[in-house]
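Heads up, the thing below is written out as structure tokens.
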Amino acid sequence: MKTNSRAGEKIAKLLIWSTALFVLVVLVAISAYILIKGLPRINWHFLTEIPRNMGRSGGVASTIVGTLLVTAVAIIIAMPFGIGTAFYLAEYTKESMITRIIRFSAESLAGIPSIVYGLFGFIFFVIYLNLGWSILSGGLTLAIMILPTIIRTSEEAILSVPKVYREVSFSLGGTKWQTIIKAVFPSAIRGITNGIILSVGRSVAETAAVIYTAGSALRMPVSLFSPTRTMAVHFYILAREGISLENAYGTAALLIILIFLINVVANMLVNRFIAKGR
Amino acid sequence: MGSVERFSHLLTRSAKRKQDFRSIFSRSEKIQQFNIQHSAFSTAVKDRLRGRLAVWLRVALAVGMCFSLALLGGCGRPKTGVIIAGSTSVQPYAEVLVEGYAVLYHDDAIDVQGGGSSAGIAAAESGTADIGMSSRDLNEKERELWFVEIAKDGLAVIINPNNPLTDLTINQIRDIYSTKISNWSELGGSPAKIHIIAREEGSGTRSAFESLVMGEAEISPKAIVQDSNGAVRQLVADDKNSIGFISLGLVDQTVKALTLDGIVPNRENVINGTYSLFRPFLFVAGKEPVGAVKQFIDFTLSPNGQKLLEHEGLISSAIEGIENEEI
Amino acid sequence: MKKFKEKLSGRIFFIFALSSISVLALITVFIIVKGAPIIAKVGFFNFVFGMKWSPSQGEFGIFPMIIGSVSVTLGAAALGVPIGICCSIFLAEFAPAKMREFFRPAIQLLAGIPSVVYGFWGLLFIVPFIRNFFGGPGLSILAGAIILAIMTLPTIISISEVSLLALPRQYKEGALALGLNHWQTIWSVLLPAAKSGIVAAVILGIGRAVGETMAVIMVLGNAVAVPLSILDPVRTLTTNIGIEMGYASGEHQQALFATGIVLFVIIMLLNSFAQYITRKR
């Protein structure tokens, strides 16, 4: 009996270790492949010139700007609405049927495929509201897409703040508003920022919702009404149509680095913030 | 991915609660506690909110309607340049034209977009695009729009370079795509299932292929569908059992273009009419073009523009003089 | 003044909440309003179970795409769930601390790689691999399942790991005290105890797989016929919308919105199931 279980344990351990290593290898292989092929392509020219000849030559400057602008529009719109809604749901309402429905809807909408948001954005913003293919259309679509996520993660963060904080604030004579700002918000900010970082990452990597709303124009955008191509869309088009694999890899590598930087920098900022507050 | 954080919170919270707070109130009870303690404050707020609800709803609705109306009718959308959208076959040539136009007229405010011929025509009709690109003839309803042919493009049927075949008849191609013929051995090659590759339904290239080759027969629903010429070419280049159709101008050494009934697919044969697979490239507009749009279209039809297109592999259609000279 | 600030802040939050909720409601209503007419016209059963999708001929049966979505997702689950759970066990129980520090952020980072990059990588490596070793065009259910499995691994691994770590230490200590060895503890005590969290993780992963578009549009082949083997090309509900979105108009467009409704319903069902499982502990 003992030797059986011993052998069983050894086999299980082997299986687990090999699976984990296999996963590690696969995941590293994917990112390493892109980075190895793409990093050499990135240089000053690549970053500052716009694509020429459908992307065969030139750089990706306009796509970088496009990505940043579309994401910025999305975040600037979604942040106040999302966090505000979360505070309202968490602080100003009682647990009731309505809040449960709202929470469930937000949860479901957070899971809707991005292509459905793209379809909605295309028909509603591009055609119906006549915004055309533009940064505005793309940003608004993305804002709606990340809104449920921001609401849910912010609400979770706010609700995890121990009741004691609020009790103490109230007992000291603080009003609801002061309690929220001074007692709840600083504790919840970590979770809220996490949700925002997640959403930013998702927006930057998004293709399906953006390609039909922000368009795929190669020029440097001149206003929020300009059509533009984000890096993810540019990569998709270059790779798909075989226009320039080199530039595709370069774009992908740049994209991965950007997402990595967003994660790192945002975490650093939050740490700084919190360290300061304490 | 936010769900990860959410679930970890959910789980750690409930786990902690189970361990330590078994006897302490549930969340709703706690909130009730609050409300009891601060009832005066909260009921005042709640009453105010409830009372205001009707008012605020009306305000919000009104604001929302104003906003959308303003965007819809009133100010419209500030122009950022000419927008050209549509066929992915025409797109690379349109880009070349834009670059040429920019050099000549010092005006580069033109954006080119893909999406497919039908999408381009729809965009031109709705005004989303100033010019729609189409790589097929327009149907009855679409002919009501303003349009002009800017060039002709051949359609090449391609196979993998390692495929020994070199020639097929149109009937054979039709049978392949309707899966009447499903194995390369039926055509004299080594036994292997034929992988048919087609374009998506809204593609002008596909429509052209359907009317020129398929006729009444349908492309099999089993066909692999790709959404651009480049993707089809790449696939055929990789898969030795595949067959596909792309723009003649895009054929390169990674694929082999079949001869049709012995006719080699090239510009000369399209011009002299022996190679029958070709389709028009059209610019479509919702209304008679004016201003910058008109200037660009005029450039496209001018000798300069046509020379650019010819240089890229298209067959000029605008000026007869050029055609005769080239031959 | 204080009171004014109170009222104002309360109202501002309320406006934000109202606007957000109305926007989210707008989307839901819009999709339903745009999609319902075609379902009414064609008939619910004809739409959902119809075998032929040919918009140019007025045929709007999405069953081939449902089979596509289901088969690709099930394939991804069949590959991803065992591997994911194994990895989460690894992280929770076996990994030395240093390795954990490295492994966990690595997985988080990989969740951030754009789906189009995964799709392209699949096109470069998985598709030719399948074509050369298994036959068929390579663009297939199998290719999609493999790519989706890789993409949902981070979700499954992270949440399962958290569930395992959230278990009270008494479970493990008790089991070990009773004489079970490490593996037996995991298999007979920890896994069953963390079951609800793990199931939730799997369901979330499946939800992500169902919603994926760009990665699979490159490797699935997008044929509209019902697949007969996992080596056949196939189209999912999402890729169908993606491919035809640009030019659909009239009834065709309505049919795409109706597909959106179907996806909506599927996600809602998956979410309710996940919530039910996690609540019921």
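Each chain gets a letter, A, B and so on, in the order its sequence line appears, and its residues count up from 1. None of these values were measured; they are calculated from a predicted model.
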Could you list the donor-acceptor pairs under 3.5 angstrom formed between side-chain atoms of residues 82-96 of chain C and any protein atom two or more places apart in sequence or on another chain?
unit_1: S88(C); atom_1: OG; unit_2: G84(C); atom_2: O; d: 3.4
unit_1: S88(C); atom_1: OG; unit_2: I85(C); atom_2: O; d: 2.6
unit_1: E93(C); atom_1: OE1; unit_2: K172(C); atom_2: NZ; d: 2.9
unit_1: E93(C); atom_1: OE1; unit_2: H182(C); atom_2: NE2; d: 3.0

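Between A17(C) and Y88(A), the shortest heavy-atom contact is CB-CD2, 3.5 Å. Closest approach of Y236(A) to V116(C), counting heavy atoms only: CD1-CG1, 3.9 Å. Minimum interatomic distance between V26(A) and I150(C) (heavy atoms only, all atoms of both residues): CG1-CD1, 3.8 Å. Here the closest non-hydrogen pair linking V116(A) and G260(C) is CG2-CA, 4.3 Å.
Using a 4.5 Å cut-off between heavy atoms, I150(A) makes no contact with chain C at all. Contact of I115(A) with chain C is made through backbone and side chain together, with heavy-atom distances under 4.5 Å. Proximity to chain A is absent for every atom of M151(C), based on heavy atoms less than 4.5 angstrom apart. For I34(A), the part sitting under 4.5 Å from any heavy atom of chain C is the side chain, from C-beta outward, and nothing else. Only the side chain of I151(A) comes within less than 4.5 Å of a heavy atom in chain C; its backbone stays farther off. Only the side chain of I180(A) comes within less than 4.5 Å of a heavy atom of chain C; its backbone N, CA, C and O stay farther away. Within the 4.5 angstrom heavy-atom criterion, only side-chain atoms of I259(A), from C-beta onward, approach chain C. Within the 4.5 angstrom heavy-atom criterion, only side-chain atoms of L21(A), from C-beta onward, approach chain C.
One distance of note links CG of L119(A) with OG1 of T238(C); it measures 12.5 Å at 0.5 Å rounding. Rounding to the nearest 0.5 angstrom, the gap separating the CD1 atom in I123(A) from the CG atom in L256(C) is 8.5 Å.
Residues M268(C) and F104(A) form a side-chain contact, since some pair of their non-hydrogen atoms from C-beta on lies under 4.5 Å apart. Taking 4.5 Å as the limit, some side-chain heavy atom of I16(A) sits within range of a side-chain heavy atom of W183(C). With contacts defined as side-chain heavy-atom distances shorter than 4.5 Å, the pair L238(A)/F120(C) does not qualify. S105(A) has its side chain out of reach of I21(C): every pair of non-hydrogen atoms, C-beta onward, lies at least 4.5 Å apart. The shortest side-chain heavy-atom distance between V23(C) and F81(A) does not fall under the 4.5 Å cut-off. The shortest distance between side-chain heavy atoms of K34(C) and F120(A) does not fall below 4.5 Å.
No other option in L24(C), L263(C), I241(C) has as many heavy-atom pairs under 4.5 Å with chain A as L24(C). The most heavy-atom pairs under 4.5 Å with chain A, out of L153(C), I27(C), I266(C), come from I27(C). Contact count versus chain A (heavy atoms, under 4.5 Å) is highest, among G112(C), S115(C), S20(C), S19(C), for S20(C). Between chain A and the residues F264(C), Y118(C), F103(C), W121(C), the most heavy-atom pairs under 4.5 angstrom are made by W121(C). Interface remark: of the candidates L255(A), L109(A), I256(A), L109(A) forms the most heavy-atom pairs closer than 4.5 Å to chain C. Ranked by heavy-atom pairs shorter than 4.5 Å toward chain C, the options F22(A), Y249(A), Y117(A) are led by Y249(A). With chain C as partner, the option from K10(A), E91(A), K13(A) having the largest number of non-hydrogen pairs under 4.5 angstrom is K13(A). Between chain A and the residues T239(C), L237(C), L124(C), L8(C), the largest count of heavy-atom pairs under 4.5 Å involves L124(C). Comparing M218(C), M245(C), Q253(C) by heavy-atom pairs within less than 4.5 Å of chain A, the highest count is held by M245(C). Ranked by heavy-atom pairs under 4.5 Å with chain C, the first of L147(A), V204(A), I30(A), L24(A) is I30(A). Annotation: maximal heavy-atom pairing with chain C below 4.5 Å, among P80(A), S31(A), A106(A), occurs at P80(A).
The local environment of CZ in F273(C) is sparse, with at most 12 non-hydrogen atoms from other residues, nucleotides or ligands closer than 6.0 Å.
Side-chain atoms of N181(C) and E9(A) include a donor-acceptor pair closer than 3.5 Å.
Ring geometry, F13(C) versus F87(A): the interplanar angle falls from 30° to 60°, so the pair is classed tilted. Ring-plane geometry between Y33(A) and F125(C) is classed as perpendicular, the angle between the planes exceeding 60 degrees on a 0 to 90 degree scale with a lower cut at 30.
Between the side chain of N271(C) and the backbone N or O of E107(A), at least one donor-acceptor pair lies under 3.5 Å.
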